[in-house]
Amino acid sequence: MSDILTKLTYQSIQQGKNYFSLAHNTLTSQLRKLVHPTLLPVSQGIPQELILKLQNRLNQLLETDWQDAEIGIYPHSLLFDHPWEDFFRYYPLIWLDLPLIWERSTRNRLQEFSPEIDQEGYPSYYVQNFHHQTNGYLSDLSANLYDLQVEILFGGSADAMRRRILAPLKRGLAKFPSLPQKQIRILDIACGTGRTLKMIRAVLPQASLFGTDLSPAYLRKANELLSQNPVELPQLLQANAEELPYLDDYFHAVTSVFLFHELPASVRQTVIEQCFRVTKPGGTFIICDSIQLSDSPEMELIINNFPKTFHEPYYKNYTADDLVERLEKAGFEHIKTQIYFLSKYFIAHKPA
C-alpha cells in the first residue's frame, strides 16, 4: 500500500507540474497577443494527434522514472526533489522578464548584453541571448531562472529526463568492480546549476564529482545548490569544454546534459574529442540532449517549432547531425542510443 500511495503521489505531482506548464504557456501566449497584437505566431499550432503522441511519450518517461527508483537505480527521494523555494522566489521574475524577451525577439536582437556583463574571453557562439533571455547565460538572473524555465518548457519533466543518465552511468562504472567508490571520478561538462551533479551525488555519495561550465553565474548557483549536501562538495571549475583542463584518461565517466544542441557542428566534434581524451580506458561517456529528426520523424513539427520560438542558432543543424559518427570518429565504441520523451541519449565507451 505504501508503494502504491508513493507512486500515486509522484504521478499526481508530475501531472500537476504538467498542467501548470500548460497553463503558464497558454497565459503567456495570450499576454503576448495583447502586448504585440500585430505579431504573427512564430510557430505552427500542434494538432491533437501529435499532442496525444507527446502525452504518451511523457507517460512512458514517467513510468520509466518510477521503475528505475523501484529497482534501486536511485532513491525514491530523487523523484520528489523539487526546488519549491526557488519556484516561489523566482517565478514572478519570469513574468517580469517576459516583456524584455518579447521585445528582443521582435527586434531580432540576438547578442544584446547589459554593460555590466563581461563578455571577454568567451567564444562567439556562446555570447548569445539563448531563448532570447536577458544577458544570455552570463547573469545571476539567468542562473536563478534556468531550472524553472526548463521545467516549464518540458511540462515538468526536465528532471525525469536528466535522471535517464543514471542507469547507464551505474552500468558503465560496473566495469571497474574492484575500485572503491571513493576513487571513482566523474565529470559533468556544462554542469549549469548543478542539478545533474546533485542527482549523481544521490546515487554515488562517495564518488569524486567534478563540474565545468563557462558561466560564473551558473557555477555560483551550482555551488549554492550542491553545498546543501553535507558530503564532499563537487569540484567546480569555469572552463571551456573545448579545452578541458584535466589529465588524459582521468575520469571513469563523463556526462553532458542539454549542451550539444547549443554548439556549432565543429565545436561538437572538438568537445567529443576532449571528452574521449579525459575518459579512462573502459570508461563511459553519456550525452543527454534533444531528440533528432532521424529517430523521431513523427515529432518533426515539434523539432521545427523549437528554434522558431526560442533563439537556438545551432539547433537545426544539431537535429540532423550524426553524433554516433562523431563519437566513433573520436574513438568511442559500442555506442547505444535511447529515446525518452523529447530527449535522446548517447551511451559511448572508450576502448579498454
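These numbers were taken from a predicted model, which means no experiment stands behind them. These numbers come from the heavy atoms of this one structure, side chains and all, not from hydrogens, waters or symmetry mates.
- Although no hydrogens or angles enter the test, the distance criterion places no donor-acceptor pair under 3.5 Å between the side chain of N135 and the main chain of S139.
- Annotation for D213 and G192: closest pair OD2-N, 2.8 Å, computed over non-hydrogen atoms.
- Counting only N and O atoms by type, the side chains of S142 and Y218 include a donor and acceptor under 3.5 Å apart.
- In this structure, the side chain of E312 does not engage the main chain of P307 through any donor-acceptor pair within 3.5 Å.
- By the 4.5 Å heavy-atom criterion applied to side chains, I186 and F251 are not counted as neighbours.
- The pair D249-R277 does not meet the salt-bridge criterion, since no charged nitrogen lies less than 4.0 angstrom from a carboxylate oxygen.
- To the nearest 0.5 Å, atom CG of residue L78 and atom CZ of residue R162 are 12.0 Å apart.
- For R32 (side chain) and P99 (main-chain N/O), no donor-acceptor pair under 3.5 Å exists by modelled atom type.
- Following chains of ILVMFWY side-chain contacts shorter than 4.5 Å, one can reach I339 starting from Y345, so the two form part of one hydrophobic cluster.
- For the side chain to side chain contact (heavy atoms under 4.5 Å, CB included) test with R163, the passing option among L79, D68, L61 is L79; the others fail.
- Hydrophobic clustering (side-chain heavy atoms under 4.5 Å, transitive across Ile, Leu, Val, Met, Phe, Trp, Tyr) groups L98 together with L96.
- For K280 and Y250, the positive end is not near the middle of the six-membered ring at less than 6.0 Å and at most 45° from its axis.
- Under the 3.5 Å distance criterion, with hydrogens and angles disregarded, no donor-acceptor pair is assigned to the side chains of Q14 and N18.
- Here L138 contributes atom CG and I117 contributes atom CD1; the two are 6.0 Å apart, rounded to the nearest 0.5 Å.
- Hydrophobic clustering (side-chain heavy atoms under 4.5 Å, transitive across Ile, Leu, Val, Met, Phe, Trp, Tyr) groups M299 together with I46.
- The existence of a salt bridge linking D295 and K344 is confirmed by a sub-4.0 Å separation between a basic side-chain nitrogen and an acidic carboxylate oxygen.
- You'll find the ring centres of F276 and F332 inside the 6.0 Å limit.
- Residues Y74 and F80 fall within the same hydrophobic cluster, defined by Ile, Leu, Val, Met, Phe, Trp and Tyr side chains chained together at heavy-atom separations under 4.5 Å.
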Q: Evaluate salt bridge (Lys or Arg N to Asp or Glu O under 4.0 Å) for E103 paired with R107, printing each intermediate quantity in order.
A: CA-CA 6 Å; E103 184 68 19; R107 295 183 180 275; 2.2 Å; yes
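- Separation of the H132 and W102 ring centroids does not fall under the 6.0 Å cut-off.
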Q: Start with the C-alpha distance between D65 and Y340, add both sets of side-chain angles, then the distance that settles side-chain hydrogen bond (donor to acceptor under 3.5 Å, both in side chains), and finish with yes or no.
A: CA-CA 10 Å; D65 195 28; Y340 293 104; over 6 Å; no
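- You'll find the side chain of C191 reaches within 4.5 Å of the side chain of L219, heavy atoms only.
- Between Y91 and W95, the angle of the ring planes goes over 60°, which puts this pair in the perpendicular group of the 30/60° scheme.
- Side-chain contact, Q15 with Q11: no donor N or O sits under 3.5 Å from an acceptor N or O.
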Q: With side-chain hydrogen bond (donor to acceptor under 3.5 Å, both in side chains) as the test, would you mind laying out the steps for H252 and K175 before giving the verdict?
A: CA-CA 9 Å; H252 300 87; K175 293 183 178 180; over 6 Å; no
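- With values rounded to the nearest 0.5 angstrom, E232 atom CD is found 6.5 Å from Q235 atom CD.
- Between Y146 and Y137, the two ring planes are perpendicular [angle over 60°; tilted spans 30° to 60°].
- Put simply, the side chain of S21 gets close to the backbone of K17: a donor and an acceptor are under 3.5 Å apart.
- A distance of 8.0 Å separates CG of D289 from CD of E262, quoted to the nearest 0.5 Å.
- Residues E325 and K329 are not paired through a salt bridge, judged by the lack of any N-O separation under 4.0 Å between the basic side chain and the carboxylate.
- Nearest heavy-atom pair across S343 and F258 is OG-CE2, 3.5 Å.
- Atom OG1 of T193 and atom CG of D147 lie 3.5 Å apart (nearest 0.5 Å).
- By the 4.0 Å N-to-carboxylate-O rule, E298 lies too far from K53 to be salt-bridged with it.
- The heavy-atom pair separating L301 from P47 by the smallest distance is CD2-CD, 3.6 Å.
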Q: Take H131 and Q149 through the side-chain hydrogen bond (donor to acceptor under 3.5 Å, both in side chains) test and state the conclusion after the steps.
A: CA-CA 10 Å; H131 296 200; Q149 290 170 326; 6.0 Å; no
Q | side-chain contact (heavy atoms from CB on, under 4.5 Å) assessment of L141 paired with L93 | A | CA-CA 9 Å; L141 175 65; L93 298 182; 4.0 Å; yes
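- F285 and I184 fall within the same hydrophobic cluster, where Ile, Leu, Val, Met, Phe, Trp and Tyr residues are linked whenever their side-chain heavy atoms come under 4.5 Å apart, directly or through other members.
- Closest non-hydrogen pair, G283 versus F176, comes out as N-CZ, 3.9 Å.
- The aromatic rings of H261 and F306 sit perpendicular to each other, their planes meeting at more than 60°, with 30° as the lower class boundary.
- When side chains are defined from C-beta on, P297 does not count as touching E300, because their heavy atoms never get closer than 4.5 Å.
- For the pair H24 and I94, the minimum side-chain heavy-atom distance is below 4.5 Å.
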Q: Applying side-chain hydrogen bond (donor to acceptor under 3.5 Å, both in side chains), run through Y246 and T212 and close with a yes or a no.
A: CA-CA 11 Å; Y246 300 105; T212 65; 5.6 Å; no
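- Nearest heavy atom pair, residue Q111 against residue S124, reads NE2-O, 3.9 Å.
- Between K221 and D86, at least one side-chain nitrogen of the basic residue sits less than 4.0 Å from a carboxylate oxygen of the acidic one, meeting the salt-bridge criterion.
- Geometrically, R57 does not engage F341 in a cation-pi contact defined by less than 6.0 Å to the ring centre and at most 45° from the axis.
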Q.
Assess the residue pair I101 and R104 against the criterion (side-chain contact (heavy atoms from CB on, under 4.5 Å)); give the C-alpha distance rounded to whole Å, side-chain angles, the decisive distance to 0.1 Å, and a yes or no.
A. CA-CA 5 Å; I101 289 175; R104 195 174 295 111; 4.3 Å; yes
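- Summarising the geometry of I335 relative to V324, their closest heavy-atom pair is CD1-O, 3.8 Å, with the distance given to 0.1 Å.
- In this structure, the side chain of T28 engages the main chain of N25 through a donor-acceptor pair within 3.5 Å.
- Not one N or O on the side chain of D321 forms a donor-acceptor pair closer than 3.5 Å with the backbone of N317.
- Side chains of I200 and L166 form a contact here, defined as non-hydrogen atoms less than 4.5 Å apart.
- Checked by atom type, the side-chain pair S290/Y315 shows a donor-acceptor distance below 3.5 Å.
- Using a cutoff of 4.0 Å between basic side-chain nitrogens and carboxylate oxygens, R268 and E242 are not scored as salt-bridged.
- Salt bridge absent: R164 and D159 never bring a charged side-chain N and a carboxylate O closer than 4.0 Å.
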**Q.** side-chain contact (heavy atoms from CB on, under 4.5 Å) assessment of L263 paired with Y125
**A.** CA-CA 7 Å; L263 299 176; Y125 64 80; 3.7 Å; yes
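- Atom CG of L204 sits about 14.0 Å away from atom CE of M199, to the nearest 0.5 Å.
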Q: Show your working on ring pair (Phe, Tyr, Trp, His ring centres under 6.0 Å) between F20 and F87 and close with a plain yes or no.
A: CA-CA 12 Å; F20 178 85; F87 172 82; 5.4 Å; yes
